[in-house]
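By convention in this document, chain letters (A, B, ...) are assigned in the order of the sequence lines, proteins followed by strands, and residues within each chain are numbered from 1. For clarity, every value in this text was computed on a predicted model and none was experimentally measured.
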Amino acid sequence: NAGVTQTPKFQVLKTGQSMTLQCAQDMNHEYMSWYRQDPGMGLRLIHYSVGAGITDQGEVPNGYNVSRSTTEDFPLRLLSAAPSQTSVYFCASSTGTVGNNEQFFGPGTRLTVL
Amino acid sequence: GESVGLHLPTLSVQEGDNSIINCAYSNSASDYFIWYKQESGKGPQFIIDIRSNMDKRQGQRVTVLLNKTVKHLSLQIAATQPGDSAVYFCAVGFQKLVFGTGTRLLVSP
């Protein structure tokens, strides 16, 4: 199993550009989520999904869109990049079941918005 | 909502010592607590979790203690090794995790 994979590893954008961060998992997990991590802070939840076709907002959803058309993939879209979105982005997945809820994190995408 | 805080931004220990990392949370209704380890340039890695119906849980060289009365969580690492050097986060919640700001553990030989 590859676990949770994220692409790209690094990305530089100009203000106003759009892009999609890719996330995929091969563990057949129902639950997937996106977090951002800023220096000196813990991870903050952006959006999450409890299964294909179902998404919901987390703590900091503004400026981001998600969709979940398959169990495996959960892309994060930046609509119009802003410098405040400079951060490291992590995707995570889990079974979402009581008693077995270990969340597996991807390696992260480091995004810089100029 | 929930807020999570850690008591020390940095903890320095000698190899072989026991390490204790603390965390406080705000919501007394919180039910699920997790500790993660994050090495430089990597995603968080699950260490151990505990549910609110327990006050102690042990893993390999790690113990998590939960004190619901004072809303306090701690991670104990026995016989700390250089490979334990990392940032440790506590997180609260079942699927929508709320993370603390992290404690950097520095282990010197």
Side-chain angles (χ1 to χ4, degrees), chain A residues 2-7 9-10 21 23-25 27 29-51 54-61 68 74 87-110, chain B residues 1-11 21-27 30-54 57 59-60 62 64 73 75 86-105:
Chain A
V4 179
T5 57
Q6 292 183 238
T7 56
K9 284 185 166 45
F10 300 93
L21 281 63
C23 174
Q25 52 91 11
M27 297 173 280
H29 285 167
E30 289 295 323
Y31 183 79
M32 296 185 74
S33 53
W34 276 101
Y35 293 85
R36 61 178 286 174
Q37 184 175 31
D38 300 310
M41 298 181 70
L43 283 73
R44 291 182 294 169
L45 182 64
I46 305 171
H47 285 285
Y48 66 100
S49 168
V50 298
I54 306 169
T55 64
D56 205 348
Q57 296 181 349
E59 179 186 354
V60 288
R68 184 96 179 270
F74 190 42
S87 190
V88 182
Y89 291 84
F90 290 101
C91 179
S93 75
S94 71
T95 63
T97 56
V98 175
N100 183 20
N101 191 45
E102 178 179 344
Q103 291 216 24
F104 294 85
F105 283 82
T109 293
R110 186 174 295 273
Chain B
E2 177 70 82
S3 67
V4 180
L6 279 163
H7 295 184
L8 282 177
T10 304
L11 176 65
I21 301 171
N22 296 303
C23 180
Y25 61 97
S26 65
N27 188 349
S30 293
D31 183 51
Y32 184 65
F33 308 85
I34 316 103
W35 282 99
Y36 287 92
K37 174 185 180 182
Q38 187 177 30
E39 296 174 315
S40 181
K42 297 184 178 180
Q45 180 183 8
F46 174 93
I47 302 172
I48 192 167
D49 60 0
I50 189 168
R51 297 208 67 172
S52 60
N53 59 355
M54 303 174 69
R57 190 164 187 220
Q60 189 174 16
V62 295
V64 55
L73 187 70
L75 176 71
V87 179
Y88 289 81
F89 293 96
C90 67
V92 180
F94 183 65
Q95 292 176 337
K96 298 171 64 175
L97 297 178
V98 177
F99 281 79
T101 52
T103 290
R104 182 174 297 278
L105 178 64

Q: Return the minimal non-hydrogen interatomic distance between M41(A) and F89(B), and the atom names on each side.
A: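 Nearest heavy atoms, M41(A) then F89(B): O-CE2, 4.3 Å.
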Q: Give, as side chain, backbone, both or neither, the part of V50(A) having an atom under 4.5 angstrom from any heavy atom of chain B.
A: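 Side chain only.
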Q: Side chain, backbone, both or neither: which part of K96(B) has an atom under 4.5 Å from a heavy atom of chain A?
A: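 Answer is both: backbone and side chain atoms of K96(B) are under 4.5 Å from chain A.
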Q: Can you tell me which portion of I34(B) sits under 4.5 Å from chain A's heavy atoms? Options are side chain, backbone, both or neither.
A: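 For I34(B), neither part sits under 4.5 Å from chain A.
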Q: If you count heavy-atom pairs within less than 4.5 Å of chain B, which of Y31(A), F104(A), Y48(A) leads?
A: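 So the answer, after comparing Y31(A), F104(A), Y48(A), is Y31(A).
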Q: Identify, with sequence neighbours excluded, every residue that meets side-chain hydrogen bond (donor to acceptor under 3.5 Å, both in side chains) alongside R110(A).
A: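 Counting only residues at least two positions away or on another chain, R110(A) forms no side-chain hydrogen bond (donor to acceptor under 3.5 Å, both in side chains).
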Q: Between Q37(A) and chain B, which part of the residue has a heavy atom less than 4.5 Å away: side chain, backbone, both or neither?
A: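 Contact with chain B is through the side chain of Q37(A) alone.
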Q: At a heavy-atom separation under 4.5 Å, does Q38(B) approach chain A through its side chain, its backbone, both, or neither?
A: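 The answer is the side chain of Q38(B).
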Q: To the closest 0.5 Å, what do you measure between CD (E102(A)) and CD1 (I47(B))?
A: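 Reported to 0.5 Å precision, the distance equals 11.0 Å.
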Q: Applying side-chain hydrogen bond (donor to acceptor under 3.5 Å, both in side chains), can you list everything that pairs with S93(A), at least two apart in sequence or on another chain?
A: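 With sequence neighbours excluded, S93(A) shows a side-chain hydrogen bond (donor to acceptor under 3.5 Å, both in side chains) to H29(A), given in chain and number order.
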Q: Would you indicate whether R44(A), at its atom CZ, is surrounded by more than 12 heavy atoms from other residues, nucleotides or ligands within a distance under 6.0 Å?
A: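 Check passes, neighbour count above 12.
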Q: Compare every heavy atom of L45(A) with every heavy atom of L97(B), then report the nearest pair and how far apart it is.
A: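 Shortest heavy-atom separation between L97(B) and L45(A) comes out as O-CB, 4.4 Å.
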Q: Quick check on Y35(A) against chain B: is it the side chain, the backbone, both or neither that has a heavy atom closer than 4.5 Å?
A: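 The side chain, not the backbone.
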